[in-house]
2 protein chains.
Amino acid sequence: MPRPKTIDRTAILAAALDVADADGVPAVSMHSIAKRLAVTPMALYRHVANKADLLDGIVELLMAEIMADVPAPGPAAERDAWLDALIRIADRARAVASRHPAAFTLLLSRPAASAAAREVRAHIHDLLRQAGVGGDHVERLERIVTTTVLGMAAGQASQRFAHHPPGVLDEDVRALATFVTAGIEPFRTPAEKACP
Amino acid sequence: MPRPKTIDRTAILAAALDVADADGVPAVSMHSIAKRLAVTPMALYRHVANKADLLDGIVELLMAEIMADVPAPGPAAERDAWLDALIRIADRARAVASRHPAAFTLLLSRPAASAAAREVRAHIHDLLRQAGVGGDHVERLERIVTTTVLGMAAGQASQRFAHHPPGVLDEDVRALATFVTAGIEPFRTPAEKACP
DNA sequence: ACCTGAACACCGTTCAAGT
DNA sequence: ACCTGAACACCGTTCAAGT
């Protein structure tokens, strides 16, 4: 006579994200999550392999949240559509970072091997190809661009740049877009380059 | 009759870095460090405020190691000297990251407010000014460049990019240099720009 | 001044047991 | 199948005590 299921992996990850948002990543523990779900710590091990798996689950959740509502890249409907799409993903990353400032740091400290992470990578590969980036540079450039965008979002959200005056964030975002766009330029096929 | 001093902050931080290198950041604990120093955990609290202070100390150590042997920027002895200097700092960051892959992640998750961190920042500010970056963009661009360089070094060292084929690291480094150089370009004064 | 010892609430994870 | 309970070694940090 099997018991009714009271928790599942989704509920556990959601609770973990709640704890991280409320009390920081160090407060994320099997005990604290279990308490929040009104369950014994050991009950979690039926749905989560161990704590590392749990943290990776949070990363997966954040990645999925970044990609939510981002349409798959069409066949380059308009010229420079790739740039708009890239900026939209960066904006979403910033939004997610400000909603989950503490948890967001995990994105840079853990390998991004989940399905959601691979989806984000594949998406950006497509965009870079549309931008005319040569095949052997696509993955390399994706790593660089992703690191820069996620790193800046994490840094702003987690107060790593606490020393700099607030209120200039908009300008920071614009500068980042300019930086990334110009940084990609040398990797695009000559046909796309312009020099007035 | 005061006791002879058996440990100091420097020894504690060195031991902490050893533990992180050997067994990962999660293994860095007051107990594990104390055991390594043949001392009671409580003995550490005379030299370190708490665990957060200890982790910040590791960041300080890594920053100092990055800046070791990097000469202060002279008055722009040669044109494009700034680029060589910037690349040298990035190379040193990569070297430190590969020596301390686990601990290096801390650089991106904790505020860089130590004296050593401020020194690195000031150094890069000077280099960017030499490159002709306008005053109101210098700090902004330093944050972007630092995030990109440290983020890539951390990602490579900590296997965050484990999915990509090994052995292409040299090409990755060259691409990163190209990307950063081109990304800075739009922020330089018109006099320095060239367009064949 | 500097370190020890005992103690606290908390942590990840195990094993065996209950329904 | 799913959860509980007791137990383990470990964790950060306190307080009072030793030299």
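A, B, ... follow the sequence lines: proteins, then strands. Residue 1 opens every chain.
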Can you check the B:Met30 CE to C:dC11 P distance for me, whole Å? 18 Å
Value in whole Å for how far the P atom of D:dT14 lies from CE of B:Met42: 7 Å
Between A:Thr6 and D:dC3, does any side-chain N or O lie under 4.0 Å from OP1 or OP2? yes
Starting at CG of B:Asp23 and ending at P of D:dC11, how long is that distance when rounded to a whole Å? 11 Å
Any strand, both distances under 3.5 Å, Watson-Crick or G-U wobble: D:dC15 pairs with C:dG5
Return each pair, listed once, that meets ring-ring contact (aromatic ring centres under 6.0 Å, His included) where at least one residue sits in residues 87-112 of chain B; pairs must be two or more places apart or across chains. none
What is the distance from CG of A:Leu44 to P of C:dC11, rounded to the nearest Å? 12 Å
If I take atom NZ in residue B:Lys35 and atom C1' in nucleotide D:dC11, what distance separates them, rounded to the nearest angstrom? 13 Å
Quick check: does any side chain N or O of A:Arg188 sit under 3.5 Å from a backbone N or O of A:Gly132, one acting as donor and the other as acceptor? no
For A:Glu60 and A:Met63, what are the C-alpha separation, side-chain angles and deciding distance, and is it a side-chain contact (heavy atoms from CB on, under 4.5 Å)? CA-CA 5 Å; A:Glu60 200 175 335; A:Met63 280 294 189; 5.7 Å; no
State, with a plain yes or no, whether a side-chain heavy atom of B:Thr181 is found less than 4.5 Å away from one of B:Thr178. no
Starting at atom CZ of B:Arg9, determine the distance to atom C1' of C:dA1, rounded to an integer number of angstrom. 18 Å
D:dC11, OP1 or OP2 - any side-chain N/O from B:Ser29 closer than 4.0 Å? yes
Taken to the nearest whole Å, OH/B:Tyr45 to P/C:dC2 is 18 Å
Should the pair B:Asp91-B:Arg88 be classified as a salt bridge under the 4.0 Å nitrogen-to-oxygen rule? no
Closest-nucleotide mapping onto DNA chain C: is A:Val28 or A:Arg46 further toward the 5' terminus? I mean the 5' end. A:Val28
Would A:His31 count as stacked on C:dC11 if the rule is ring centres under 5.5 Å and plane angle under 30°? yes
How many whole angstroms separate atom NZ of A:Lys51 from atom P of C:dT14? 15 Å
Nucleotide forming a Watson-Crick or wobble pair with D:dC10, both distances under 3.5 Å: none
Of the listed nucleotides (C:dT13, C:dT14, C:dG5), which one gets closest to any side-chain atom of B:Thr40? C:dG5
Should B:His47 be listed as having a side-chain N or O under 4.0 Å from OP1 or OP2 of C:dC3? yes
